[in-house]
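Hydrogens, waters and symmetry mates play no part in the numbers below; they use all other heavy atoms, side chains included. Here is how names work: the chains are called A, B, and so on, in the same order as the sequence lines, proteins then strands, and each is numbered from 1. Being a predicted model, the structure only gives us computed values, none of them experimental.
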Amino acid sequence: MHHRLQEIVIMGTCLTMSKKKRKRYGGAAQGNRRPLDGSHEEPMPLPNPMVGFNLPNDRLRSVTRRLPQQAIGPPFFYYENVALAPKGVWATISRFLYDIEPEFVDSKHLCAAARKRGYIHNLPIENRFPLLPLPPKTIFEAFPHYKKWWPSWDPRRQLNCLQTSMSSAKLTERIQCALASSGNPPPKSVQKYVMDECRKWNLVWVGKNKVAHLEPDEVEYLLGFPRDHTRGVGKTERFKSLGNSFQVDTVAYHLSVLKDMYPNGVNVLSLFTGIGGGEVALHRLGIHMRTVVSVEIGEVNRRILRGWWDQTQTGTLIEIADVKSLTDDRIATFVRRFGGFDLVIGGSPCNNLAGSNRHHRDGLEGEQSALFYHYFRIVDAVKSAMGRM
DNA sequence: CCGAGGATGAGCGTACCT
DNA sequence: AGGTACGCTCATCCTCGG
């Protein structure tokens with residue numbers, strides 16, 4: 001009851017504000033502006049290819065950007081969500097996050113699996129560097145042993161987006177039957193059936209006529225996590241947590257600029273932490289985390305993060321379950337206690353934005369995805385608390 | 001045996017892109 | 001015209017401790 005009231009107040013504030021903030025994000029113009037097609041939302045075209053402001057090892061394009069004055073830190077912040085959200089969602093997110101132009105990146109340019117995501121951050125974009133070793137960018141580089149059974153008529157060299165649920169064993173069986181009862185190579189119709197299923201479920205060839213879904217440790221590897229990062233919980237839970245997480249190499253590339261700026265480490269406010277993709281990225285970059293205040297609703301995810309933290313970190317980890325309980329007052333107290341946050345990082349829930357959701361793809365006002373407004377509230381609260389320091 | 005909790009399998013449209 | 005998408009729900013079965 002109390003939460004609901006609070007939420008309405010927050011929404012009211014935001015909506016009022018969004019009316020005032022009419023200005024579009026500045027910086028490098030990205031393609032043509034279509035005329036308003038009756039809707040009040042402005043278009044947010046996705047770049048093609050989806051490579052963000054720059055990629056590792058391409059010095060051909062040196063993009064510069066000018067951040068809106070309001071967007072300039074402290075703190076630095078880093079926000080993430082699915083790129084293919086319903087129309088108008090990214091325009092709204094951008095408007096709330098100080099009119100910063102989103103950086104859209106498909107992680108297939110950095111690893112062996114696609115992951116189309118938008119990132120809004122106020123980090124510098126010059127002198128980025130990638131994590132080493134560079135991750136494999138094709139299926140065969142990542143998993144050489146799959147070459148053995150890969151048929152010549154399967155042209156895939158990269159995987160599709162790693163999602164939260166996996167195919168059934170029955171499907172493996174059906175495909176095996178279909179292939180066994182046809183020649184080699186199979187007729188086009190069978191090829192199409194098999195390829196459609198393989199693409200839909202990210203299947204790989206593990207035996208003669210036999211496809212299977214990836215295993216949790218393979219997903220961990222593709223996403224840039226240490227081996228067995230999510231070990232110790234049910235398999236279904238692992239897939240769900242991994243499917244919801246960052247691609248570590250991609251995020252680390254963006255965060256790499258922090259390394260020289262904070263030789264003594266950083267204080268991090270981590271929202272919607274999940275299994276700790278941001279923390280793993282900072283750790284792999286060699287950026288020390290003095291303090292992480294982590295907000296994560298899932299008990300399983302909190303346990304995974306705590307397990308990793310205790311094994312690898314010396315700093316302080318404070319875990320909070322619910323973003324709604326992180327009030328502006330508590331934020332101010334944290335800011336005083338730690339001397340401010342250097343980075344606020346997080347991706348808010350995508351389930352009401354994601355295309356796979358048949359039931360509640362309600363957009364940014366959906367039950368979970370509306371928690372984005374708390375991300376905005378909290379960044380803004382940190383900003384003003386640090387302004388008073 | 002019983003029940004809780006986890007795993008499995010199937011079905012579920014659509015918006016927005018190239 | 002075709003392809004992709006950090007998902008949800010429900011029924012059913014399995015597993016385990018008591």
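When each of dA10(B), dG7(C), dA15(B) is scored by its nearest atom to the side-chain atoms of Arg361(A), the top-ranked nucleotide is dA15(B). With dA5(C), dC17(B), dT8(B) as the choices, the nucleotide that has an atom nearest any side-chain atom of Leu46(A) turns out to be dC17(B). Across dC16(B), dG7(C), dC6(C), the shortest atom-to-atom separation from the side chain of Ser165(A) is found for dG7(C). Closest approach to the Thr236(A) side chain among dG9(B), dA7(B), dC6(C) is made by dA7(B) (side chain taken as heavy atoms from C-beta onward). Closest to the side chain of Ala169(A), out of dG9(B), dC16(B), dG7(C), is dG9(B). Comparing dC17(B), dG9(B), dG7(C) by their nearest atom to the side chain of Ser356(A) picks out dG7(C).
In this entry the distance linking CG of Leu353(A) with C1' of dT14(B) reads 14 Å, nearest Å. In this structure, Asp196(A) atom CG and dA5(C) atom P are separated by 13 Å, rounded to whole Å. Between Asn352(A) atom CG and dT9(C) atom P there is a gap of 10 Å when expressed in whole angstrom units. One can place NE2 of His359(A) at 16 Å from P of dA10(B), the figure rounded to the nearest angstrom. In this structure, CE of Met50(A) is placed 11 Å from C1' of dT4(C), rounded to the nearest angstrom. Rounded to whole angstrom, the span from the CE atom of Met195(A) across to the C1' atom of dG2(C) amounts to 15 Å. The CZ-C1' distance, from Phe104(A) to dC6(C), rounds to 15 Å in whole Å. In this structure, Lys200(A) places its NZ atom 12 Å from C1' of dG13(B), rounding to the nearest Å.
With His254(A) as reference, Tyr119(A) is the one residue of Phe53(A), Tyr119(A), Phe76(A) to meet the ring pair (Phe, Tyr, Trp, His ring centres under 6.0 Å) rule.
Residue Thr164(A) places at least one side-chain N or O closer than 4.0 Å to OP1 or OP2 of dG7(C). Close to dG7(C), at under 4.0 Å from its OP1 or OP2, lies a side-chain N or O of Asn244(A). Arg174(A) has a side-chain polar atom (N or O) that falls below the 4.0 Å cut-off from OP1 or OP2 of dA10(B).
Side-chain contact annotation: Tyr262(A) with Asn267(A), donor-acceptor N/O pair under 3.5 Å absent. For the 3.5 Å distance criterion, the side chains of Gln247(A) and Tyr253(A) fail to qualify, holding no donor opposite an acceptor. Between the side chains of Ser241(A) and Thr230(A), no donor N or O sits under 3.5 Å from an acceptor N or O.
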Next on the checklist: Run Glu101(A) and Arg65(A) through salt bridge (charged side-chain N to carboxylate O under 4.0 Å, His left out) and show every step you take.
Outcome noted: CA-CA 9 Å; Glu101(A) 177 186 359; Arg65(A) 67 166 177 172; over 6 Å; no

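Taking the six-membered ring for Trp and the full ring otherwise, the centers of Phe140(A) and Trp150(A) sit less than 6.0 Å from each other. Checked against a 6.0 Å centroid threshold, the rings of Tyr79(A) and Phe372(A) count as neighbours.
Nucleic acid contact class of Asn160(A) (heavy atoms, under 4.0 Å, all strands): sugar-phosphate only. Backbone-only engagement by Cys161(A) is indicated by non-hydrogen atom pairs under 4.0 Å involving sugar-phosphate atoms exclusively. Across all strands, Ser107(A) comes closer than 4.0 Å to no nucleic acid atom at all (heavy-atom distances). Across all strands, Lys235(A) comes closer than 4.0 Å only to sugar-phosphate atoms, never to a base (heavy-atom distances). Glu237(A) comes within 4.0 angstrom of no nucleic acid atom, judged by non-hydrogen atoms across all strands.
At distances below 3.5 Å, at least one donor-acceptor pair connects side-chain atoms of Asn352(A) with backbone N or O atoms of Ser369(A).
Taking a cutoff of 4.0 Å between a charged side-chain nitrogen and a carboxylate oxygen, Arg238(A) and Glu220(A) qualify as a salt bridge. Here Asp154(A) pairs with Arg156(A) in a salt bridge; the nearest charged N to carboxylate O distance falls below 4.0 Å.
DNA chain B is contacted by both Gly234(A) and Trp201(A); Gly234(A) maps to the nucleotide lying nearer its 5′ end (nearest heavy atom per residue). Across the interface with DNA chain C, nearest-nucleotide mapping of Arg199(A) and Asn351(A) shows Arg199(A) to be the residue nearer the 5′ end. The 5' end of DNA chain B is approached more closely, in terms of each residue's nearest nucleotide, by Asn357(A) than by the other of Asn357(A) and Leu84(A).
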Checklist entry - Given pairs defined as Watson-Crick or G-U wobble with both distances under 3.5 Å, what dot-bracket annotation applies to DNA chain C, with ( ) intrastrand, [ ] crossing, | other strand and . unpaired? => result |||||.||||||||||||

What nitrogen or oxygen pairs link the protein and nucleotides 11-17 of chain C at under 3.5 Å?
none

Tell me which donor-acceptor pairs under 3.5 Å the side chains of residues 171-183 of chain A have, and how far apart each pair is, sequence neighbours excluded?
| unit_1 | atom_1 | unit_2 | atom_2 | d |
| --- | --- | --- | --- | --- |
| Thr172(A) | OG1 | Val211(A) | O | 2.9 |
| Ser181(A) | OG | Cys177(A) | O | 2.9 |
| Ser181(A) | OG | Ala178(A) | O | 3.4 |
| Ser182(A) | OG | Ala178(A) | O | 3.1 |
| Ser182(A) | OG | Leu179(A) | O | 3.3 |

